[in-house]
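Notes for the one structure printed next.
Naming convention: chains lettered A, B, ... in sequence-line order (proteins, then strands); numbering from 1 in each chain.
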Amino acid sequence: MIFIKDNLIKNMNEKQIEAIISIEKNLLILAGAGSGKTKVLVNRINWLILKLGVSPKSIMAVTFSNKAAKEIYNRIKKTIKFNINDIWIGTFHSLAYKMLYLHYNKLKKHIQIIGKEEQINLIKNITIKLNIDIKKFPPIKTMYYINNKKNYGLHPKDCVKNIEKDKLFSIYKLYQKKCTKYGYFDFGEILISVNNLLIKNPEILNKYIKQFKHILIDEFQDINNIQYKWIKQIKNKNNKIMIIGDDDQCIYGWRGAETTLIEKIKSDYSNIKIIYLEQNYRSTNNIILAANHLINNNNNRIKKKLWTKKKPGELISLYSAINEEDEAKYITNCIKILKYNGFSLNKCAILYRKNIQSIVIEKILSKNNINYEFLNTIKFYNRKEIKDIISYLRIILNKNDDIAFLRIINTPKRGIGINTINKINEISKKKKKSLWRSLKIILNKNILKKKQNLILKKFIVLINEIKKNIKNLKLYEQVNYVINKTKLLLMYKKKDDFKIRIENLKELIKLTKKFYIKNINKFEILKLFLSHIILNNNNENNNFEKKDSVKLMSIHLSKGLEFDQVFIIGMEEGIFPHYYTLNNKSLEEERRLAYVGITRAKKKLTLTYTKERYLYGIKKKTKPSRFIKEIPLKYIEIINNYKVLL
DNA sequence: TATATCCGGGTTTTT
DNA sequence: CCCGGATATA
């Protein structure tokens, strides 16, 4: 039936080819782990452009992570040599921001994106301001409450009033009021605003509906309500959508992801064709079968069954350790043997539920001179020195940015303490003015001590001077100027982590040099740059493949990756599944996480658990994870002592 | 205002 | 056990 021979569909199975070339219907691709879904997505875009003559600018490809977006972009670039930047490829948030920015800029409205830490900070301030006990209402919990509302597109005014008269709601109300007033956009707000933009401006909506002939969405299982609404707006009967997802790999439920939206799509979009990609190209059969058995214990899932043409391969090793040290030694030993046999360390990964579990492993690995790389998510933007510089830049763009103001008012230390700040805060509260304006008021009234008065006047002069002097500078020069002028370097010099900070600042300068947009003024570029680094807040692990080292990471972080040798440690009740999730509905999510972990392995999987473990300094007896028991014994090779398990 | 000490709480985290 | 935040002290 398919007679076209082409590189884009070479070596692909029939289902994959169908997913790449069919355009009569909307497509829902239910793609299991390792079934080649990224390849399908990339080749479909290539196909649309090269074979069907679809213009790059009428394609929108949405992903959840910048990493994925970049990967897709780079892979397309290999095949398509023209106008590739016209394709709208990006995360939900970055594409939504792009739409918003184009519009807001015309209205001269400023968008200040705020990250998690700033959100928490703001919530904390508000909680205190409302005389609500911070211990009873910890800001982080409040943030989850707010974000959850926003995941459903609900502003305070959209919440049901009689139910929502509690303290959390009152914090949310004030929080949202502040955000609106000062132009703060948390991540949820970007999506809500873009939705509202399209609702209120049919002409803009129509423009995008006409523009995007093809919408492709990856990792659809992780979509939340407001993201769904946005897509639904842009999609109408004339454009085609392709959705790829695997509900078994939904591990971000706590962030508003709803697997049920996959079901919803079937009823919302008629004329949708479902394609199952179930052939796995990654793992040996034992691993696949074990994974299938495990995930089958979940009740809420779309039934599918991974299969492979590969041989059974090695059995899954199960090691029962005395304690975490023994566990680490066993794994280190395994890796030593692999290394001795010429195995590249790059092909080994040690996965765990909690980052803290890596400590013992790291200790033993380095004792044995085995290179390893610990991957975590300490984000570039979250680094102190980056935030400090950025805060100065933010104040320069918008003096009423209270969050930035609070960050830099005494950084570097200039002798402004909590008392002075409180006084400024009081005026701000009374006059309903920003901290910057309140500061100016306070200086005119001689409320403060002479010393503080002088310091603060100097502060104002400093900010004004920076603003004046960087006006016509290039982006990297602007950043450089701020670094020097603010004397932040001197402050870092006193600490022993000075070297790392300098490295990070260099990295920042490097980023600014790469960031270039034609035909807009210098402050506008700065503005876009600041948004860019929050929205692309990821470590660039560009030497990930190059360095020969064992990779250590959480299972969450391993999603999308694959390794010949995978070790999953801490397979114990209370660790994995995590203590918090025992006996509630997120247990199924834990199981999906286990499924993700297992399916990372190409050739060999090793599971370990310990009989006792230090938890917060106390030695505790532990029991093997239920997930081990959910794998039939015939796929397992017991290294030692399985009795405990039975 | 800046530093010293105590206390409690402690998953995962694509944006 | 180890970190960050809140309180006590120089």
Side-chain angles (χ1 to χ4, degrees), chain A residues 62-71 90-97 113-117 119-121 124 128 134-135 138-141 143-144 147 150-151 185-191 218-224 226-227 249-257 324 351-357 359-360 375-379 381-382 410 413-422 449 451-452 455 531-539 553-561 570 574-582 586 589-590 592-594 596-597 613-620:
Chain A
V62 195
T63 63
F64 276 82
S65 70
N66 291 298
K67 202 167 95 189
K70 212 184 219 170
E71 171 75 16
T91 61
F92 275 97
H93 293 85
S94 65
L95 295 179
Y97 174 73
I113 299 174
I114 58 171
K116 183 182 156 192
E117 267 181 61
Q119 213 185 346
I120 292 171
N121 233 314
K124 191 177 146 197
I128 293 165
I134 215 148
K135 289 216 175 89
I140 293 182
K141 295 249 167 78
M143 181 191 70
Y144 278 118
N147 287 351
K150 292 202 173 192
N151 285 340
F185 283 66
D186 55 41
F187 287 122
E189 194 59 37
I190 299 173
L191 297 164
D218 199 10
E219 306 276 15
F220 194 81
Q221 73 278 359
D222 291 325
I223 200 168
N224 70 28
I226 188 75
Q227 290 164 334
Q249 291 190 68
C250 174
I251 54 174
Y252 289 99
W254 43 273
R255 271 179 38 169
E324 57 267 65
L351 310 179
Y352 34 77
R353 178 66 238 264
K354 308 197 277 186
N355 282 317
I356 201 167
Q357 291 172 258
I359 293 174
V360 182
L375 297 154
N376 71 354
T377 50
I378 293 181
K379 304 296 180 56
Y381 172 74
N382 291 354
N410 198 33
K413 291 206 167 69
R414 53 185 120 238
I416 299 301
I418 193 78
N419 283 326
T420 312
I421 292 169
N422 279 343
K449 286 183 199 143
K451 190 181 154 209
Q452 269 68 40
I455 292 169
S531 301
H532 172 85
I533 58 170
I534 304 182
L535 288 175
N536 294 271
N537 185 12
N538 48 351
N539 285 321
M553 71 191 94
S554 69
I555 305 174
H556 280 92
L557 216 61
S558 75
K559 191 167 133 184
L561 305 174
I575 303 277
F576 193 22
H578 190 273
Y579 169 69
Y580 285 3
T581 65
L582 302 175
S586 37
E589 183 157 316
E590 291 286 293
R592 291 195 289 268
L593 190 59
V596 167
R613 175 183 293 277
Y614 274 96
L615 276 172
Y616 311 128
I618 303 153
K619 202 188 264 183
K620 280 207 165 159

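One atom, CD of A/Gln357, and another, C1' of C/dC1, lie 15 Å apart when rounded to the nearest Å. Atom-to-atom, CD of A/Glu589 to C1' of B/dT12 comes out at 9 Å; the value is rounded to the nearest Å. B/dT13 atom P lies 21 Å from atom CG of A/Asp186, rounded to whole Å. For the pair A/Phe187 CZ and B/dT13 P, the computed distance is 16 Å after rounding to whole Å. When rounded to the nearest whole Å, the span between NZ of A/Lys124 and P of C/dG4 equals 13 Å. Rounded to an integer number of Å, the gap from A/Ile356 CD1 to B/dT12 P is 8 Å. Atom-to-atom, CD of A/Glu117 to C1' of C/dG4 comes out at 12 Å; the value is rounded to the nearest Å. Atom CG in A/Leu95 sits roughly 13 Å away from atom P in B/dT15 (whole-Å rounding).
For A/Asp222, taking side-chain heavy atoms from C-beta onward, the closest of the listed nucleotides B/dT1, B/dT14, B/dT12 is B/dT14. Taking only side-chain atoms of A/Leu535, from C-beta outward, the nucleotide of B/dT11, B/dT15, B/dT3 with the closest atom is B/dT15. Comparing B/dT14, B/dT15, C/dC1 against the side chain of A/Tyr616 picks out C/dC1 as the nearest. With distances taken from any side-chain atom of A/Ser65 to the nucleotides B/dA2, B/dT15, B/dT11, the minimum falls on B/dT15. For A/Ile134, counting side-chain heavy atoms from C-beta on, the closest listed nucleotide (B/dT11, B/dT14, C/dA6) is C/dA6. Here the side chain of A/Leu557 is nearest to one of B/dT11, B/dT15, B/dT14, namely B/dT14. Of the listed nucleotides (B/dT11, B/dA2, B/dT15), B/dT15 has the atom at the smallest distance from the side chain of A/His93. The side chain of A/Ser554 lies closest to B/dT13 when the candidates are B/dT13, B/dT14, B/dT15. The side chain of A/Tyr580 has B/dT11 as its nearest neighbour among B/dT13, B/dT15, B/dT11.
Applying the 6.0 Å contact sphere to CD1 of A/Ile356 captures no more than 12 heavy atoms from other residues, nucleotides or ligands. Counting non-hydrogen atoms of other residues, nucleotides and ligands closer than 6.0 Å to CG of A/Leu582 gives a total above 12.
Counted by atom type alone, A/Asn376 and A/Asn355 present zero donor-acceptor pairs between their side chains at under 3.5 Å. Looking only at atom types and distance, the side chain of A/Gln119 has no donor-acceptor partner in the side chain of A/Glu117 under 3.5 Å away.
For B/dT13, one of the phosphate oxygens OP1 or OP2 lies less than 4.0 angstrom from a side-chain nitrogen or oxygen of A/Asn355. Residue A/Asn536 has no polar side-chain atom (N or O) positioned under 4.0 Å from OP1 or OP2 of B/dT14. An OP1 or OP2 oxygen of B/dT15 is reached within less than 4.0 angstrom by a side-chain nitrogen or oxygen of A/Asn66.
The aromatic ring of A/His556 does not sit over the base of B/dT12, since the test of centres under 5.5 Å and planes under 30° is not met. Judged by ring centres under 5.5 Å apart and planes tilted less than 30 degrees, A/Trp254 stacks against the six-membered base ring of B/dT12.
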Ring pair (Phe, Tyr, Trp, His ring centres under 6.0 Å) between A/Tyr97 and A/His532: does it pass, once the steps are laid out?
CA-CA 10 Å; A/Tyr97 174 73; A/His532 172 85; 9.7 Å; no
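Residue side chain A/Arg255 does not reach the base of B/dT13 through any donor-acceptor N/O pair under 3.5 Å, judged by distance alone.
With hydrogens and angles ignored, the 3.5 Å screen pairs a side-chain donor or acceptor of A/Thr91 with a backbone N or O of A/Ser94.
Residue-level contact check: A/Tyr144 touches the bases, meaning some heavy atom is under 4.0 Å from a base atom.
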